[in-house]
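Notes to accompany the following structure.
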There are 2 protein chains.
Amino acid sequence: MPDPKRHWRDYLERKGLKTTQQREAIVDAFLRSSGHVALEDLLSSARRKYPRVGLATVYRTVKLLEEAGIAAARHFGPGQTLYEVAEGRAHHDHLICDACGFIIEFESDEIEQLQDSAARRLGFNVLRHRHELFGLCERARGIAGGSCPGLAAGRQPNSGAPPSRRGRV
Amino acid sequence: MPDPKRHWRDYLERKGLKTTQQREAIVDAFLRSSGHVALEDLLSSARRKYPRVGLATVYRTVKLLEEAGIAAARHFGPGQTLYEVAEGRAHHDHLICDACGFIIEFESDEIEQLQDSAARRLGFNVLRHRHELFGLCERARGIAGGSCPGLAAGRQPNSGAPPSRRGRV
DNA sequence: ATCGATGCAAACGATTTGCAAACGT
DNA sequence: ACGTTTGCAAATCGTTTGCATCGAT
C-alpha cells in the first residue's frame, strides 16, 4: 500500500461514502501514528484538529479503516484493543514435514503481531525473522484418509521444489 | 505438567486458598475440556455437578487457574475470550541483535498456541520449531538512554556465550 | 434535496466488585 | 472461630446503536 490516503479516498468513493472533516482528522491522526494506538488516543488527536468529534465517530471511522484494509486491530485482552497501520507485509513462514520433507508456506498475522510486540517489549526492533515448524503431516502419522498437504496438491515429496500450498491461518 | 490436578491442589495450598465444591466442579469441567472453552460452557458444565455456582465464581476460578499456569486465555476479539489448558511446554525462542550479535531468549505462550493451531489447521502435528527474530536493540538504534539488553545484563556482545536475559512475553 | 454522517445519550454485553451469608480449615 | 469463598445484584468497562440534526454531494 504505497499511498494509504489515496487508498482511503478510493475506498470511500467506491462505497459511496463521504469525506467529512472529522473522518479526515481521525484518519490523519491514525496514519500519523506509529505502532499501536488506542482509540482514546485517536480521539484526543483528532479533537486537536476538530474538537467536536465524539468517541462513537472514532469507533465508526476505525471500523471503516479496518474494512478498507488500512487498520488492523490487536486484542490484548478484554477491553484492551489497540490499532495499528496494516503494513503490506508478505511474510510467509514454513511448515515442514519430517517424513516427506514437504514444505507448506503459511501466514499468520496474529503470530507476526505477537512476535513484534514481544520484541518491542524487550527493546527490540524486528527487521526480519525465521519461523519454521517441523512435524508430521496426516499421511505420515498414518491417519486414515489423511494426506500430506504437499502430496494432496499433486507434488512429489522431497522434491526440493517450492511449496505447493499456501495457508492463511 | 504431568498432573494438573495435583498442581492445582499444590497451588491452592501454597497460596493459603481453599478447596470448595464449586471450584472443584469448575476445574474438573475445565480439565475435561479439550481445545477452547468459553466461560459460559464451564458454567453449565460445572452446574451439572453443582447447580448453585454463579458466573462470577467461574470468572474467579479461571483467573486462579491462569495464575497457577494451568489455563491460558485466548482473546479473539472484544467479548470473545476462550480458555484452553496450558500444556507444560518449555520452548524458548530467540531474539538476535544484528548489531551486537547478542541473543535474548524469550517465551510466548500465545505464539506457541497460535503456531500449533495454525499447523493443526493445515493437518500438521508440530514436533519442534525454530523461531528467530533478527533486529536491532535500543543501543544499536542510537536511542538516547537505550541499552542493548545483553550489554545491560553485564555481558560482552558477540561473545557467543549463552544469552544473559530471558524475557517472558 | 437527498442520503449519509454526527453527536449525544442510552443500550448493550462481558467482566468485576461490594456485601452479607455460607463454608472450609 | 477465623478468614476465605460464594451468590447475587449492582457497578464498571469498552463498544454499539437509536435518533434527531447536520453536512456533503
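All values derive from a computational prediction rather than experimental measurement. Lettering of chains follows the sequences in order, A, B, ..., and the numbering in each one begins at 1.
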Of B:Ala56 and B:Gln22, the one whose closest DNA chain C nucleotide lies more 5': B:Ala56

Short side-chain N/O contact to C:dT16 OP1/OP2 from B:Tyr59, under 4.0 Å: no

Phosphate OP1/OP2 of D:dT6: any B:Arg23 side-chain N/O under 4.0 Å: yes

Between C1' of D:dA24 and CZ of A:Arg9, the distance in whole Å: 14 Å

Between B:Arg23 and B:Thr19, a side-chain donor and acceptor under 3.5 Å: no

Qualifying residue, where the test is side-chain contact (heavy atoms from CB on, under 4.5 Å) with B:Leu39 and the options are B:Asp41, B:Leu42, B:Leu43: B:Leu42

Between P of D:dT6 and OH of B:Tyr50, the distance in whole Å: 9 Å

Whole angstrom value for the distance that separates C1' of C:dT6 from CZ of A:Arg60: 6 Å

Sugar-phosphate, base or nothing in reach of A:Lys63, heavy atoms under 4.0 Å: sugar-phosphate

Check: A:Lys18 side chain, C:dC3 base, donor-acceptor under 3.5 Å: yes

Phosphate-side-chain proximity, B:Thr20 and C:dG24, N/O vs OP1/OP2 below 4.0 Å: no

Side-chain donor-acceptor pair present, B:Ser44, B:Arg48, cut-off under 3.5 Å: no

Heavy-atom side-chain proximity of A:Ile70 to A:Leu31 below 4.5 angstrom: yes

Rounded distance (Å) that lies between atom C1' of C:dG7 and atom CG of A:Leu55: 11 Å

Whole angstrom value for the distance that separates P of D:dA24 from CD of A:Glu13: 17 Å

Check: B:Val53 main-chain N/O paired with B:Arg47 side-chain donor or acceptor under 3.5 Å: yes

Distance below 4.0 Å between A:Thr81 side-chain N/O and D:dT15 OP1 or OP2: yes

Neighbours of DNA chain C within residues 39-49 of chain A, by heavy-atom distance under 4.0 Å: none

Value in whole Å for how far the P atom of D:dA9 lies from CZ of B:Arg52: 12 Å

A:Tyr11 and A:Glu67 side chains, donor-acceptor separation under 3.5 Å: yes

Parallel, tilted or perpendicular: ring planes of B:Phe106 versus B:His131, cut at 30 and 60 degrees: perpendicular

Gap between atoms CG and P, on A:Leu64 and C:dT6 respectively (whole Å): 9 Å

Rounded distance (Å) that lies between atom C1' of C:dG7 and atom CD1 of A:Ile26: 12 Å

